[in-house]
Every structure is written in C-alpha cells, then in structure tokens.
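Encoded as structure tokens, the structure appears first; notes follow it.
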Number of protein chains: 2
Amino acid sequence: MDKANKSSYAARAAVLKALAHPTRLWIVDQLASSERCVCEFVNEVDADFSTVSKHLSVLKQAGIVADDKRGNKVFYKLIMPCTRQFMNCINSVLRNEAAARTAALERTV
Amino acid sequence: MDKANKSSYAARAAVLKALAHPTRLWIVDQLASSERCVCEFVNEVDADFSTVSKHLSVLKQAGIVADDKRGNKVFYKLIMPCTRQFMNCINSVLRNEAAARTAALERTV
DNA sequence: TGAGTATTTGGCAAAATTACCAAATATTGG
DNA sequence: CCAATATTTGGTAATTTTGCCAAATACTCA
C-alpha cells in the first residue's frame, strides 16, 4: 500500500469514524427527514448540551452535516444523504445475524 | 430515544466502528475481490502479524468478514458485500469536498 | 443596555483504541 | 516426535475518544 493509497483510506476511515457512535448515528437519522436545531436534539438525547454540540461538530468536521445559524438557533442538515443506504445495508446484515442466532438456538432445542 | 432504539443504534455503530480504521478498510477492500489468507495481508500492510490478526478479529466480531481455516492458513472472506456501495458513497462525497476546496482556492486567486 | 436563551469551547478524568512484543497454539512435513 | 510455518492471545504503554462541568460567545427582545 503506497502513501497516496494510505491517505485515501484514512480519509474514508475518518468519515466512518464520525458515524461510528450511537448518538451521532441517531442524529444523522433524525436529519435524514429534515433539518433540526441543536435544541431539538438535546431534549431527546440523554446527554449534556455540550456533548450534543460536540457530536455535531464531529459530524460537521467529517463533511456529513452542515450548519446554518438563524437567529439564536443553529440548524443542522445532512449533506451526505447516501449514509441512508448504508444504514439499510447494515440493518439487513444485522437482521440476518439475528435470524442466524435464532436458527442456531432452535437447532439446540 | 427509548432503550430498544438505543441498542439498535449501538449495534449499527459497532459495525461502523469496525470499519472505521484505515487498515481495516483496506483489508475489506482487498476482500471485495476474493478471499485472502492473513499471510497475504501481512506482507502488504506495514504492521505486525499480531496487529493484522487483531484487525481481522475486529472485523469478524462485527460480522463483516468470516474466517475459514485450511491447513495452517486462515482465509478470510467478506460477508457484508454492501460495504462496497457505501465506500462509493463516501468516495463521491470526498471528491465533492476536494472539488469544493479547489474551487474555494481558485476564488481567492 | 441587560436579562434570557441557544450554542460552543476549554479543561479534565475515565474509558476505549491502537500497536508492539513475547509467548502460546495449531498444523504440516520430515 | 521435532522443527518450521501460520496465526492468535496476553500484556502494556501511548494515544484518542467521550462526556461532564464551567465559562465564554452569540443573538434576541424588552
């Protein structure tokens, strides 16, 4: 693996890393339907204001969301819509795994 | 966000977390075309035997790859093929970002 | 201007990740 | 069985991530 290749993989890994957190994933899911302001998230997530803000900052840094300040609120929107497809992909795999586990259990009965 | 929801997001985040490392991403890319044995990776990645083995273990744990021991070699194969589509998604976003950066630079000239 | 609301930032401690080395395990072939 | 090869596992130090608190910043409205 040469140097150019290495940094290319690092760039992609950085996007994945930004998505790889339950709260951030949930945020992305929320943003899939429409933009939201930070205050809306804080009410629904069991975490500090500052924690939510930092999660959003991670997503923004990775190029997954963009922010837009209007009044004293900051609205975030998804600018990497294809994450949605990927979630479907992961979901189907997780469902398969769950089904496989169930089947394995039933064989032991 | 209720408890069931929370653990569902955690499960998906775990898959993403497993993918979120340059070396692991590279491994997944290699496995996209065909199965490989650990020894093949070690020669190409600039890392210790044990490091590669642990990366593979992370991917396996996440349900992304499966292993198959034949002789004294262990072969790994991709069992979550849709990761490929997602990489395309990420790549297109990264290309857009690069293009945007270039455009921004040119505006300053 | 000043109080109130919304959000970000800095600091810090706890937890998780990473990568190396050394040692253990498994398998093949002589 | 023994030596050689392939891989995994345990231990550990360095680095990164996470999440809270407190403080700073930004904006609105009276």
Side-chain angles (χ1 to χ4, degrees), chain A residues 1 6-7 9-28 30-31 34-78, chain B residues 1 6-7 9-28 30-31 34-78:
Chain A
M1 189 160 46
K6 218 167 204 169
S7 83
Y9 281 105
R12 277 173 276 175
V15 174
L16 286 160
K17 205 194 276 191
L19 289 170
H21 187 286
T23 304
R24 290 199 291 268
L25 214 47
W26 176 82
I27 289 175
V28 166
Q30 298 302 300
L31 294 178
S34 73
E35 64 167 23
R36 296 275 158 83
C37 83
V38 184
C39 54
E40 292 180 85
F41 293 134
V42 173
N43 294 329
E44 292 186 64
V45 180
D46 181 25
D48 198 75
F49 265 87
S50 61
T51 302
V52 174
S53 178
K54 272 174 189 169
H55 280 313
L56 285 164
S57 151
V58 169
L59 290 170
K60 182 183 165 188
Q61 185 71 26
I64 296 166
V65 304
D67 60 347
D68 179 23
K69 183 155 198 173
R70 294 204 294 275
N72 60 349
K73 292 186 177 175
V74 180
F75 289 85
Y76 280 85
K77 67 177 173 187
L78 192 61
Chain B
M1 188 159 47
K6 218 167 203 170
S7 84
Y9 280 105
R12 278 173 275 175
V15 174
L16 286 161
K17 205 194 277 194
L19 289 171
H21 187 286
T23 303
R24 291 199 291 267
L25 214 46
W26 176 82
I27 289 175
V28 167
Q30 298 301 301
L31 294 178
S34 73
E35 66 168 21
R36 296 276 157 81
C37 84
V38 184
C39 53
E40 291 181 86
F41 293 135
V42 173
N43 293 330
E44 292 187 65
V45 179
D46 182 24
D48 198 74
F49 265 87
S50 62
T51 302
V52 173
S53 177
K54 272 174 189 169
H55 279 313
L56 284 163
S57 152
V58 169
L59 289 170
K60 181 183 165 188
Q61 185 71 26
I64 297 167
V65 304
D67 60 347
D68 178 23
K69 183 156 197 171
R70 296 205 292 276
N72 59 351
K73 292 185 180 177
V74 179
F75 290 84
Y76 280 86
K77 67 177 173 186
L78 192 61

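Hydrogens, waters and symmetry mates are skipped; everything else that's a heavy atom, side chains included, is used. All of these numbers come straight from a predicted model, not from anything done at the bench. Within every chain, numbering begins at 1; the chains are lettered A, B, ... in the order of the sequence lines, protein sequences first and strands thereafter.
Comparing C/dC20, C/dA6, D/dT8 by their closest approach to the side chain of B/Val74 singles out D/dT8.
The distance between atom NZ of A/Lys60 and atom P of C/dT7, rounded to the nearest whole Å, is 13 Å. Following rounding to the nearest Å, A/Leu59 (CG) and C/dT7 (P) show an atom-to-atom distance of 16 Å. Look at CG on B/Asn43: it is 10 Å from P on D/dT7, rounded to the nearest Å. Note: CG (B/Asp68) to P (D/dT8) measures 12 Å, nearest angstrom. Atoms CG (A/Leu56) and C1' (C/dA6) sit 13 Å apart, rounded to a whole Å. Put simply, CD on A/Gln61 is 11 Å from P on D/dT17, counting in whole angstrom units.
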Quiz item: What string of B, S and - do you get for nucleotides 23-30 of chain D 5' to 3' if you count protein non-hydrogen atoms under 4.0 Å?
Solution: ---SSS--
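Side-chain atoms of B/Phe75 and B/Lys77, non-hydrogen and from C-beta on, never get closer than 4.5 Å to each other. Here the side chains of A/Leu59 and A/His55 are not in contact, with every heavy-atom distance at 4.5 Å or above.
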Quiz prompt | Worked verdict on B/His21 versus B/Val58 for side-chain contact (heavy atoms from CB on, under 4.5 Å) | solution = CA-CA 10 Å; B/His21 187 286; B/Val58 169; over 6 Å; no
Self-check item: Candidate pair A/Asp68 and A/Val74, rule side-chain contact (heavy atoms from CB on, under 4.5 Å), full reasoning
Solution: CA-CA 6 Å; A/Asp68 179 23; A/Val74 180; over 6 Å; no
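Residues from residues 35-42 of chain B placing a heavy atom under 4.0 Å of any atom in DNA chain C do not occur.
For the atom pair CD (A/Gln61) and CD1 (A/Ile64), the distance works out to 10.5 Å, reported to the nearest 0.5 Å. Atom CG of B/Leu56 sits about 10.5 Å away from atom OG1 of B/Thr23, to the nearest 0.5 Å. Taken from CD in B/Gln30 to CD in B/Glu40, the straight-line distance is 9.0 Å, to the nearest 0.5 Å.
When every heavy atom of B/Pro22 is checked against every heavy atom of A/Ala10, the shortest pair comes out as CG-CA, 3.8 Å. In plain terms, the two heavy atoms of B/Arg12 and A/Leu25 that are nearest each other are CB-CD2, 3.5 Å.
No cation-pi contact links A/Arg36 to A/Phe41, judged by a cut-off of 6.0 Å to the six-membered ring centre and 45° from its axis.
Heavy-atom contacts from other residues, nucleotides or ligands closer than 6.0 Å to CG of A/Asn43 number more than 12.
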Please tabulate the protein-to-nucleotide N/O contacts below 3.5 Å involving nucleotides 9-12 of chain C, giving atom names and distances.
residue	atom	partner	partner atom	Å
C/dG10	O6	A/Lys54	NZ	2.9
C/dG11	O6	A/Lys54	NZ	2.7

Between the protein and nucleotides 14-17 of chain C, list the N/O to N/O atom pairs that are separated by less than 3.5 angstrom.
residue	atom	partner	partner atom	Å
C/dT17	OP1	B/Lys17	NZ	3.1

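For the pair A/Tyr76 and C/dA6, the criterion of a side-chain N or O lying under 4.0 Å from OP1 or OP2 is not met. Listed pair A/His55 / D/dG19 meets the phosphate criterion, a side-chain N or O lying under 4.0 Å from OP1 or OP2.
For B/Lys60, the salt bridge (Lys or Arg N to Asp or Glu O under 4.0 Å) criterion is met by B/Asp67, not counting sequence neighbours. Residues forming a salt bridge (Lys or Arg N to Asp or Glu O under 4.0 Å) with A/Asp48 (at least two apart in sequence, or on another chain): none.
The backbone N or O of A/Ala18 lies less than 3.5 Å from a partner atom in the side chain of A/Arg24, making a donor-acceptor pair.
Contacts of A/Phe75 with the nucleic acid, taken as non-hydrogen atoms under 4.0 Å apart, are absent.
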